[in-house]
Amino acid sequence: MALSHDDLAPLGTHAAAGEDVIQDALVAIRNHLGMEVAYFSEFHAGRTIFRRVDAPGLEHLIKVGDSHSLDDVYCNHILAGRLPELIPDTSQVRLAREMPITAAVPIGSHISIPIRLLDGTPFGMFCCLSPRAIPSLNERDLATMRVFAGLATKQVNTGLQQRQKAQRTYDRIAAVIAAQDYDIVFQPIFDLRSSTVTSCEALCRFKATPYRSPDKWFQDALDADLGLELEMAVLRTTLATLPELPASISLSINASPELVISGRLADLISVEHAERIILEVTEHAAVSNYTALHAQLRPLKRLGVRVAVDDAGAGYSGLQHIVQLGPDIIKMDMSLTRAVDTDPARRALASAMVFYAREMGSCIVAEGIETASELDALRHLGADRGQGYLLGKPGSMAALQAAATEAQTRVA
């Protein structure tokens with residue numbers, strides 16, 4: 001996604017109606033000065049390119065995207081001081097009078113302010129012109145022109161800074177993907193009746209510095225239009241660990257609705273391991289199209305993949321998402337399990353979720369269990385499985401294998 005020069009132009013041709021500060025400024029100053037043409041240009045590769053134009057009735061002569069060689073126009077002469085910024089009558093300025101473009105356009109009067117980047121580099125020009133000489137143009141008009149050009153300059157530099165920031169974000173995410181600069185850790189999920197490890201959730205931990213939580217990395221990836229690419233990279237790494245897992249343990253992976261709907265997830269899931277995969281569809285973003293989501297989930301389910309709703313009770317669409325998705329597993333968010341032993345409201349909601357799961361033939365996994373009393377309360381409510389720091393923290397594959405062996409030994 002290396003930015004082109006057009007990308008760096010903070011105007012391009014895509015500003016939303018009502019949000020184009022520079023276009024509005026051109027209209028205002030042209031009307032104020034009583035001139036026929038106003039434009040904002042950008043310098044690139046020895047040419048001046050019109051990025052914004054206001055010239056009612058003269059669109060056949062000047063439009064966005066047109067360009068001229070800088071050797072043929074006033075711009076370089078103004079920057080060098082050979083031509084003044086304000087020319088009420090071009091016939092009275094020898095250099096302007098002798099330039100071919102003056103007669104060709106024609107240009108009878110001209111007023112132009114250079115637009116500069118923060119480091120002083122010339123970026124383009126903010127101009128008005130008329131085929132007529134306008135002797136009444138004066139220093140007060142030039143001062144007014146500078147005010148409007150200042151708005152354009154601010155917009156240019158703000159837009160450029162935003163695009164440079166976006167480029168840095170893109171480069172950072174692309175580098176993480178290319179280097180696989182992250183670790184996959186595994187948090188055990190226990191059967192609350194047998195106290196054995198039945199599955200584990202794979203979680204991503206980014207190694208790049210400075211340290212930031214995974215949600216910030218994934219949000220940056222979304223902002224840089226690399227969200228699906230980062231998800232795919234992480235899932236590819238995660239699923240490659242399946243052969244190392246004990247045969248009795250399933251692997252729970254996280255995927256956004258957007259990734260599922262894209263159809264790209266199916267390329268990562270092999271028939272051999274499908275029955276050991278639990279697909280957690282996050283509830284923190286709105287699902288744009290449940291029909292499309294089901295269309296992509298259907299063939300995965302036929303292979304044996306189970307579907308889970310992640311963070312149920314805390315996300316974007318709540319119970320509606322659960323009903324629409326019809327999951328095999330409902331993961332109760334820690335906002336409900338936390339203090340479920342002492343908070344009647346949380347206990348009532350958790351109980352209702354357990355009842356709903358039983359009615360629908362789903363399995364409840366309680367997330368975020370941190371105290372023995374919370375665990376006892378969830379067992380009493382009928383939660384099927386549990387996950388949390390009390391039971392086991394996220395760790396390496398070796399740590400997960402050791403936890404599973406220890407749990408099995410206790411049961412035996």
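Scope of the values below: all heavy atoms of this structure, side chains included, with no hydrogens, waters or symmetry mates.
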* What is the minimum heavy-atom distance between D141 and S136, and which atoms define it? -> OD2-O, 3.8 Å
* Just do the side-chain contact (heavy atoms from CB on, under 4.5 Å) check on D220 and R212 with the steps written out, would you? => CA-CA 11 Å; D220 277 356; R212 294 185 310 148; 2.8 Å; yes
* Minimum heavy-atom separation for P114 to I78, with atom names? -> CG-CG2, 4.4 Å
* Asked: Partners of T238 by side-chain contact (heavy atoms from CB on, under 4.5 Å), sequence neighbours excluded?
  -> I184, A202, V234, L251, I253
* Which is it for S112 and E85 under the side-chain contact (heavy atoms from CB on, under 4.5 Å) test, yes or no, and what are the steps along the way? -> CA-CA 5 Å; S112 184; E85 293 177 343; 5.7 Å; no
Can you list, pair by pair, the side-chain donor-acceptor contacts under 3.5 Å of residues 353-360, counting residues two or more places apart and other chains?
none

* To do: Ignoring hydrogens and angles, tell me if any N or O in the side chain of R306 forms a donor-acceptor pair with the backbone of I329 under 3.5 Å.
  => no
* **Atom NZ of K154 with >12 non-hydrogen neighbours under 6.0 angstrom** => no
* When E201 is tested against each of K393, R385, K331 for salt bridge (Lys or Arg N to Asp or Glu O under 4.0 Å), which residue passes? -> K331
* For E244, does its backbone N or O pair with a side-chain atom of Q401 as donor and acceptor, under 3.5 Å? -> yes
* To do: Would you check if V64 and Y39 make a side-chain contact, meaning some heavy-atom pair closer than 4.5 Å?
  => no
* Are the side chain of T241 and the backbone N or O of T237 linked by a donor-acceptor pair below 3.5 Å? -> no
* Asked: Would the number of heavy atoms belonging to other residues, nucleotides or ligands and lying under 6.0 Å from CD of Q324 be above 12?
  -> yes
* Output yes when a side-chain donor or acceptor of S362 lies under 3.5 Å from a complementary backbone atom of P327, and no otherwise. => yes
* Between V260 and L297, is a side-chain contact (heavy atoms from CB on, under 4.5 Å) present by the stated rule, with each step listed? -> CA-CA 7 Å; V260 178; L297 288 175; 3.7 Å; yes
* Heavy atoms only: give me the nearest F190-S195 pair and the separation to one decimal. => CD2-O, 3.5 Å
* To do: Could you walk me through whether V53 and D66 pass side-chain contact (heavy atoms from CB on, under 4.5 Å), step by step?
  => CA-CA 10 Å; V53 173; D66 287 350; over 6 Å; no
* To do: Check the side chains of Q161 and N157 for a donor-acceptor pair under 3.5 angstrom, ignoring hydrogens and angles.
  => no
* **Approximate separation, where rounding is to 0.5 Å, of I189 CD1 and I278 CD1** => 6.0 Å
* Does F123 reach the side chain of L160, with side-chain heavy atoms less than 4.5 Å apart? -> no
* Asked: How many angstroms lie between CD1 in I107 and OH in Y74, if you round to the nearest 0.5 Å?
  -> 4.0 Å
* Shortest non-hydrogen contact from R116 to L79? -> NH2-CD2, 3.7 Å
* **G392 backbone acceptor or donor facing Q187 side chain under 3.5 Å** => yes
* Examine distances only and state if a side-chain atom of T337 and a backbone atom of E367 form a donor-acceptor pair shorter than 3.5 Å. => yes
* Asked: Can you find a pair of side-chain heavy atoms, one from L279 and one from L265, that are under 4.5 Å apart?
  -> yes
* Starting at CD1 of I29, measure out to CD1 of I113 and round the result to the nearest 0.5 Å. => 9.0 Å
* To do: Evaluate the side-chain proximity of L242 to E272: yes if any heavy-atom separation is below 4.5 Å, no if none is.
  => no
* **Close side-chain approach of R52 to F126, heavy-atom, < 4.5 Å** => no
* To do: Please determine if E139 and R146 form a salt bridge, counting it only when a charged side-chain N lies under 4.0 Å from a carboxylate O.
  => no
* To do: Supply the atom-to-atom distance L83 CG to H110 NE2, rounded to the nearest 0.5 angstrom.
  => 8.5 Å
* Please answer whether the main-chain N or O of R338 pairs with a side-chain N or O of R346 as donor and acceptor at a distance below 3.5 Å. => yes
* Asked: What are the two closest non-hydrogen atoms of A174 and L226, and how far apart are they?
  -> N-CD1, 4.0 Å
* Look at the rings of H321 and Y290 and say which category their plane angle falls in: under 30° parallel, 30 to 60° tilted, over 60° perpendicular. => tilted
* **T48 and its side chain to side chain contact (heavy atoms under 4.5 Å, CB included) partner, picked from H68, M125, E42** => H68
* Asked: Would D384 and R193 pass as an ion pair if we require N to O under 4.0 Å?
  -> yes
* **Shortest non-hydrogen contact from G263 toward Q296** => CA-OE1, 3.3 Å
* To do: Calculate, to the nearest 0.5 Å, the distance between atoms CE and CZ belonging to M35 and R30 respectively.
  => 10.5 Å
* Establish, from distance only, whether the side-chain atoms of D223 and Q219 form a donor-acceptor pair under 3.5 Å. => yes
* To do: Using a 4.5 Å cut-off on heavy atoms from C-beta on, say whether the side chain of V340 contacts that of L381.
  => yes
* To do: Say whether, by atom type as modelled, one donor and one acceptor occur between the side chain of T90 and the main chain of A96 under 3.5 angstrom.
  => no
* To do: Please tell me if the side chains of D181 and F206 come closer than 4.5 Å, counting only heavy atoms from C-beta onward.
  => no
* Structure fact -> So CG of L228 and CG of L259: to nearest 0.5 Å the spacing works out to 5.5 Å
* Can you tell if the side chain of I249 reaches within under 4.5 Å of the side chain of F186, non-hydrogen atoms only? -> no
* Answer yes if the side chains of Q408 and T196 hold a donor-acceptor pair under 3.5 Å, and no otherwise. => no
* **Lys/Arg-Asp/Glu bridge criterion (N-O < 4.0 Å) met for R264, E231** => no
* **Under 3.5 Å donor-acceptor, D311 side chain and D333 backbone** => no
